[in-house]
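Quick notes on the structure that follows.
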Amino acid sequence: MKGVKLPSDPVSPPTPPRVVLLDIEGTTIPVSFVHDVLFPYARSVLPGLLRDHADDPQVRAQVAEIARLAPGVPPLAQLEAWMDRDEKVAPLKALQGIAWAQGYRTGQLSARLYPDVLPALRRWAAAGVVLAVYSSGSAAAQELIYGHTDEGDVTGLFCGFYDLAMGGKRVASSYANILAKAGWTAGEVLFLSDVVAELDAAAQAGLRTCQIVRPEDGTVAGTTHPVAATLDGAARMFGLPVAA
């Protein structure tokens, strides 16, 4: 009958997203790499960084921001307190990024991506899908990760790196800020993250969403967004290229 979809009617495939916006930790890189490698390394070198590079304009600017946010607290003590609570605070993330740059430069750090990540991203990029990153780590730190993977520099796959300058990841306006800056339409963007609260915020801004639930990280699947264990799993649901 007119207006009634019969069981034999063909199901239209989903329109693939034109843009894929990716979280990092728990989505493309194991949580263990961030918490067991990156964070301890930054904690170990931050005292020397603050001491030996106090005149560096980047360091000086972040120390001034720490003083604004925590008046009277010694910068290192405040950084350690933020690290203890895993706070997503801009000056901490910026200084961690500077510390990690040192580690990547000296070869002490190299990023391990999940094995499904680079093959999927390369397929998507080859098909003309725009790839970008949104993480609480600074844009500079994001570029360091993808510039120093176990498979080399893959930053060329991405058109943009977005951080807390756009706003917090659990706030819908942050995603609207990214859309405005990049010139994207909300409905053409797929956001991939392991964190339900981030996906909720992205969905409120009109983005398409999918939770990446990695068994290695023990991620708990939510009930309000599509769920996939790998990027290929997400690709199948959203009409993106998959492995042959």
Side-chain angles (χ1 to χ4, degrees), residues 14 17 19-42 82-89 92-93 96 100 109-124 129 131-138 141-142 145-146 149-151 154 157-158 161-164 166-172 174-175 178 189-205 207-240 242-243:
V19 180
V20 177
L21 183 64
L22 299 121
D23 172 47
I24 296 181
E25 180 185 344
T27 300
T28 62
I29 286 181
V31 170
S32 60
F33 174 74
V34 177
H35 287 267
D36 299 342
V37 178
L38 289 184
F39 285 174
Y41 180 85
W82 282 333
M83 286 187 286
D84 289 343
R85 299 192 298 268
D86 193 21
E87 295 277 0
K88 313 298 185 184
V89 185
L92 168 62
K93 294 302 180 181
Q96 285 176 324
W100 293 329
L109 295 175
S110 178
R112 177 176 75 88
L113 306 183
Y114 289 111
D116 63 286
V117 168
L118 281 182
L121 297 184
R122 285 172 174 148
R123 281 193 298 274
W124 300 351
V129 178
L131 303 176
V133 178
Y134 179 33
S135 174
S136 58
S138 68
Q142 296 170 29
I145 286 175
Y146 289 111
T149 77
D150 290 344
E151 297 190 46
V154 298
L157 291 170
F158 302 99
F161 296 89
Y162 301 97
D163 57 19
L164 295 180
M166 297 293 103
K169 295 185 70 183
R170 302 183 181 206
V171 182
S174 304
Y175 298 86
I178 292 174
V189 182
L190 171 64
F191 179 52
L192 303 180
S193 173
D194 61 318
V195 180
V196 171
E198 296 176 2
L199 297 166
D200 288 344
Q204 289 172 26
L207 279 66
R208 301 162 76 178
T209 57
C210 182
Q211 184 185 17
I212 304 300
V213 176
R214 300 284 187 177
E216 177 179 331
D217 290 332
T219 309
V220 177
T223 58
T224 53
H225 303 274
V227 172
T230 64
L231 297 197
D232 261 353
R236 291 187 184 93
M237 284 189 283
F238 288 89
L240 291 163
V242 297

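Numbers for residues simply follow the sequence, beginning at 1.
Residues E87 and L92 share a closest heavy-atom pair of O-CD2, 3.6 Å. L131 and W124 make their closest contact through CD2-CE3, 4.0 Å (heavy atoms, listed as atom of the first residue, atom of the second, distance). Summarising the geometry of L38 relative to L109, their closest heavy-atom pair is CD2-CD1, 3.9 Å, with the distance given to 0.1 Å.
Judged by distance alone, with hydrogens and angles left aside, the side-chain atoms of Q96 form no donor-acceptor pair with the main-chain N or O of F39 at under 3.5 Å. The closest donor-acceptor contact from the side chain of S174 to the backbone of K169 lies at 3.5 Å or more, if one exists at all. When atom types are taken as modelled, the side chain of D232 and the backbone of V242 share no donor-acceptor pair closer than 3.5 angstrom.
The shortest side-chain heavy-atom distance between T27 and I212 falls under the 4.5 Å cut-off. At a threshold of 4.5 Å between non-hydrogen side-chain atoms, the residues L118 and L113 count as touching. Residues W100 and I145 have side chains not in contact (no heavy-atom distance under 4.5 Å, counting atoms from C-beta outward). Counting heavy atoms from C-beta on, the side chains of L21 and I178 come closer than 4.5 Å.
A perpendicular orientation is assigned to the rings of Y134 and Y175, their planes being inclined by more than 60° (bins at 30° and 60°).
In this structure, R214 satisfies the cation-pi test against Y114, with its NZ or CZ atom closer than 6.0 Å to the six-membered ring centre and inside 45 degrees of the ring normal.
Looking only at atom types and distance, the side chain of D163 has no donor-acceptor partner in the side chain of S138 under 3.5 Å away.
Partner of S193 under the side-chain hydrogen bond (donor to acceptor under 3.5 Å, both in side chains) criterion, out of Q211, E25, E198: E198 alone.
To the nearest 0.5 angstrom, S135 atom OG is 11.0 Å from L22 atom CG.
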